[in-house]
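To start, the structure itself, in structure tokens.
We're numbering straight along the sequence, starting at 1.
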Amino acid sequence: QARLVESGGGSVQAGGSLRLSCAASGYIESRYCRGWFRQAPGKEREAVAFVDTASDGIYYADSVKGRFTISEDKAKNTLILHMSSLKLEDTAMYYCAAASVDYEGGPHCGFKSGYWGQGTQVTVSS
């Protein structure tokens, strides 16, 4: 039912900024966790930042703290990721996701069984 579509990726020089957007269509419950993940070639997919409704907090990967900011435009049903001071290691395919809270083994965001977008490529060059 729900669909997520990322946009805003592209090529940027190191030190530059990009704004990624994730537009949601269809029904996504307000209490769903929602956030951004990324995967570079040959590497594991990792969480970048997400709204953790299980703990009512915001998660940021240590590698992006102070540089990336997650936000929402609730009226437009859009999730946003502002990225600044971009580094070469930020190069990856970026995905947005939404998921309900899984209470098994303690409450946490169940992204593995949630909704995922197709991704948008971010390439940082020197």
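Counting heavy atoms from C-beta outward, R67 and D90 have side chains that approach closer than 4.5 Å. With contacts defined as side-chain heavy-atom distances shorter than 4.5 Å, the pair M83/V122 qualifies. Side-chain contact between F68 and L86 is present, with heavy atoms from C-beta onward closer than 4.5 Å.
Checking side-chain atoms of E6 against main-chain N and O of T120 turns up no donor-acceptor pair under 3.5 Å. Under the 3.5 Å distance criterion, the side-chain polar atoms of T91 are left unmatched by any main-chain donor or acceptor of E89.
Checked against ring-ring contact (aromatic ring centres under 6.0 Å, His included), F111 has the following partners two or more places apart in sequence or in another chain: F37, F50. Considering only residues two or more places apart in sequence or on other chains, K43 meets the salt bridge (Lys or Arg N to Asp or Glu O under 4.0 Å) condition with none of them.
Listed by first then second residue, pairs satisfying disulfide (SG to SG under 2.5 Å) with a partner in residues 24-97 read C22-C96, C33-C109, not counting sequence neighbours. Residue pairs meeting the salt bridge (charged side-chain N to carboxylate O under 4.0 Å, His left out) criterion with at least one partner in residues 47-56, sequence neighbours excluded, are R31-D56. Among residue pairs with one or both ends in residues 107-118, none qualify as side chain to side chain donor-acceptor pair (under 3.5 Å); sequence neighbours excluded.
In the hydrophobic clustering (ILVMFWY side chains linked at under 4.5 Å, chained through shared members), V5 stands by itself.
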Discussion item. Is there a salt bridge (charged side-chain N to carboxylate O under 4.0 Å, His left out) between D62 and K65? Walk through the geometry before answering.
Written reply: CA-CA 5 Å; D62 289 341; K65 285 182 179 177; 3.2 Å; yes
